[in-house]
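Working notes, structure below.
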Amino acid sequence: MPELPEVETTCRGIAPHLIGKQVSRVVVRNPALRWRVPKALAAELSGQVVRAVTRRAKYILLTTDAGTAILHLGMSGSLRVVAAAKPPGKSDHVDLVLATGNCLRLRDPRRFGSILWTRQNPLAHKLLADIGPEPLTPEFSRDYLHRVTRGRSRAIRDVLLDARIVAGVGNIYANEALFSAGIRPTRAAGRLNAIECKKLAQAIRATLKRAIRVGGTTLRDYHASDGEPGHFQLTLKVYGRTGDPCRVCQTPIRLARLGQRSAFFCGKCQT
DNA sequence: CTTTTGACCTGACAGC
DNA sequence: TGCTGTCAGGTCAAAA
């Protein structure tokens, strides 16, 4: 479900409820997430004060003096701050109960998400160490994108989904950015010229920033931590619009199957 | 090394 | 109203 804008929106939403607050205990109702929730999470996070809430790629990092909780929402995960007494739903697998009487509640029906714990620098964690640059930093430049795509035969859509190339871009924003840059998702990455890489890098930044500004994309179950849906879905140009008229030229949007995942594009606006 | 495929799960929806 | 098949915002590990 959540890509960079949804994770960023979640971070911003939960941060005021967590920063400077003590985690009094951790309730794990179902530890069987993508990776089994470690015993050390409850043991070492309990009693700690959350110092910072940050994001790296699609991971949320809750920093304390004893270590860092590393959260990932997978495909269907979401975080809400609710009263600790509120009865949990079927998919509410983990609560971080706060001394304030609230709790940070992780809901994840498909259980592709995770909560890990590390005492070390989280950025050096195995899952984070090889992730590429954040797309909203200068490190993700047109020159970088041009350089890393050289000699690659993979479809550019798939390259954008590769976290080692760029962090946080998922299927919605990859497709939307490619439309914005006028590039077909099926194009071999190595065939993009310098001008196209410039357009694409710009399009990725602009698309993500705009999505963050409107609270992300709510297609089915994603909601911000306060329960509000995002609004980016109202302005989607291609994602999920197979057969619908292109918002620029009215040509029906086409669907391509890249691997197991759908890619959407306008056959006229994108080459 | 790069690229592709399979695997992990539940729930919503379309069509019969 | 069921049942079956398809699809979904991610990403790791293994195979090719």
Side-chain angles (χ1 to χ4, degrees), chain A residues 1-10 29-37 55-60 70-79 89-94 106-116 125-132 135 147-178 185-191 204 207-208 211-212 214-224 229-236 238-243 255-264:
Chain A
M1 157 187 32
E3 303 184 32
L4 187 152
E6 291 75 35
V7 177
E8 181 65 29
T9 300
T10 296
R29 298 184 195 85
N30 184 355
L33 304 184
R34 171 77 193 265
W35 285 282
R36 194 166 190 83
V37 178
R55 178 190 61 73
R56 171 73 172 115
K58 295 168 190 162
Y59 290 91
I60 295 167
I70 303 174
L71 288 77
H72 197 291
L73 300 177
M75 286 278 266
S76 58
S78 59
L79 286 169
K90 183 184 173 188
S91 301
D92 291 336
H93 304 309
V94 180
L106 173 69
R107 169 173 298 186
D108 186 2
R110 292 178 74 181
R111 289 187 278 119
F112 287 172
S114 53
I115 304 190
L116 302 172
H125 189 279
K126 186 189 169 204
L127 293 174
L128 306 201
D130 296 327
I131 292 177
R147 177 158 45 84
V148 298
T149 51
R150 289 316 85 189
R152 291 194 182 261
S153 61
R154 304 172 74 190
I156 183 62
R157 197 287 308 264
D158 289 336
V159 170
L160 295 183
L161 294 188
D162 186 339
R164 292 166 306 182
I165 302 282
V166 57
V169 178
N171 205 25
I172 294 177
Y173 299 108
N175 279 281
E176 292 298 307
L178 283 162
T186 49
R187 284 266 297 284
R191 308 290 292 269
I204 291 167
T207 304
L208 294 174
I212 292 170
V214 300
T217 302
T218 297
L219 291 182
R220 319 164 224 290
D221 47 6
Y222 172 76
H223 285 256
H231 299 292
F232 193 79
Q233 66 278 7
L234 300 173
T235 58
L236 289 173
V238 288
Y239 185 87
R241 298 192 65 243
T242 309
L255 168 68
R257 226 44 219 196
L258 281 179
Q260 320 285 31
R261 318 192 63 186
S262 298
F264 306 89

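Within every chain, numbering begins at 1; the chains are lettered A, B, ... in the order of the sequence lines, protein sequences first and strands thereafter.
Neither OP1 nor OP2 of C/dG10 sits under 4.0 Å from any side-chain N or O of A/His72. Dashed line: the shortest gap from a side-chain N or O of A/Lys126 to OP1 or OP2 of C/dA13 is under 4.0 Å. Distances shown here put a side-chain N or O of A/Lys58 below 4.0 Å from the OP1 or OP2 atom of C/dT11. Close to C/dC7, at under 4.0 Å from its OP1 or OP2, lies no side-chain N or O of A/Ser262. At least one side-chain nitrogen or oxygen of A/Ser153 sits closer than 4.0 Å to the OP1 or OP2 atom of B/dT3. OP1 or OP2 of C/dG10 lies within a sub-4.0 Å distance of a side-chain N or O belonging to A/Arg261.
Atoms NZ and CD1, on A/Lys58 and A/Ile131 in that order, are 9.5 Å from each other to the nearest 0.5 Å. Note: A/Leu208 CG to A/Leu4 CG = 5.5 Å, rounded to the nearest 0.5 Å. Here the straight-line distance linking atom OG1 of A/Thr218 with atom CG of A/Leu234 works out to 9.0 Å at 0.5 Å rounding.
Residue A/Ile172 contributes atom CD1, which lies 7 Å from atom P of C/dG10 at whole-angstrom precision. Counting to the nearest Å, the P atom of C/dG9 and the OH atom of A/Tyr59 are 18 Å from each other. Between A/His93 atom NE2 and B/dC9 atom P there is a gap of 11 Å when expressed in whole angstrom units. Between A/Arg111 atom CZ and B/dA7 atom P there is a gap of 18 Å when expressed in whole angstrom units. The interatomic distance linking A/Asp92 (CG) with B/dG11 (P) rounds to 12 Å, in whole Å. Between the CD atom of A/Gln260 and the P atom of B/dC8 there is a distance of 14 Å, given to the nearest Å. Protein atom CG of A/Leu127 is 6 Å distant from nucleotide atom P of C/dC12, rounded to whole Å. What separates CG of A/Asp108 from P of C/dT11 is a distance of 13 Å, to the nearest Å.
Closest approach to the A/Phe112 side chain among C/dG10, C/dC12, B/dG11 is made by C/dG10 (side chain taken as heavy atoms from C-beta onward). Side chain of A/Arg152, nearest nucleotide from B/dC9, C/dT11, B/dT2: B/dT2. Of the candidates B/dG11, C/dG9, C/dC7, B/dG11 carries the atom nearest the A/Lys90 side chain, counting heavy atoms from C-beta on. Of the candidates C/dA13, C/dG9, C/dT11, the closest approach to any side-chain atom of A/Met75 belongs to C/dG9. Ranking C/dG9, B/dT3, C/dC12 by closeness to the A/Thr217 side chain, first place goes to C/dG9. The side chain of A/Glu3 lies closest to C/dG9, out of C/dG9, B/dG11, C/dA8.
Distance check on atom P: C/dC7 versus B/dT5 gives 16 Å, rounded to whole Å.
Pairing partner, B/dC9: none, since no Watson-Crick or wobble contact has both distances short of 3.5 Å. With both pairing distances under 3.5 Å, C/dA16 is matched to B/dT2 as a Watson-Crick or G-U wobble pair.
Residue A/Asn171 forms a side chain to side chain donor-acceptor pair (under 3.5 Å) with just one option from A/Arg261, A/Arg157, A/Glu176, and that option is A/Arg157.
Residue A/Phe232 is out of contact with every strand shown, counting any heavy-atom pair closer than 4.0 Å. Looking at heavy-atom distances under 4.0 Å, A/Leu161 makes no contact with the nucleic acid at all. At the heavy-atom level, A/Tyr173 lies nowhere under 4.0 Å from the strands shown. Counting any heavy atom pair closer than 4.0 Å across all strands shown, A/Arg107 reaches no nucleic acid atom. Residue contacts for A/Gly259: at a heavy-atom cut-off of 4.0 Å it reaches no nucleic acid atom on any strand shown.
In this structure, the side chain of A/Thr242 does not engage the main chain of A/Leu255 through any donor-acceptor pair within 3.5 Å.
Heavy atoms of other residues, nucleotides or ligands lying less than 6.0 angstrom from CZ of A/Arg191 number 12 at most.
Annotation: of the two residues near DNA chain B, A/Arg34 and A/Ala155, the 5′-most nearest-nucleotide partner is A/Ala155.
Side-chain contact, A/Asp108 with A/Ser91: no donor N or O sits under 3.5 Å from an acceptor N or O.
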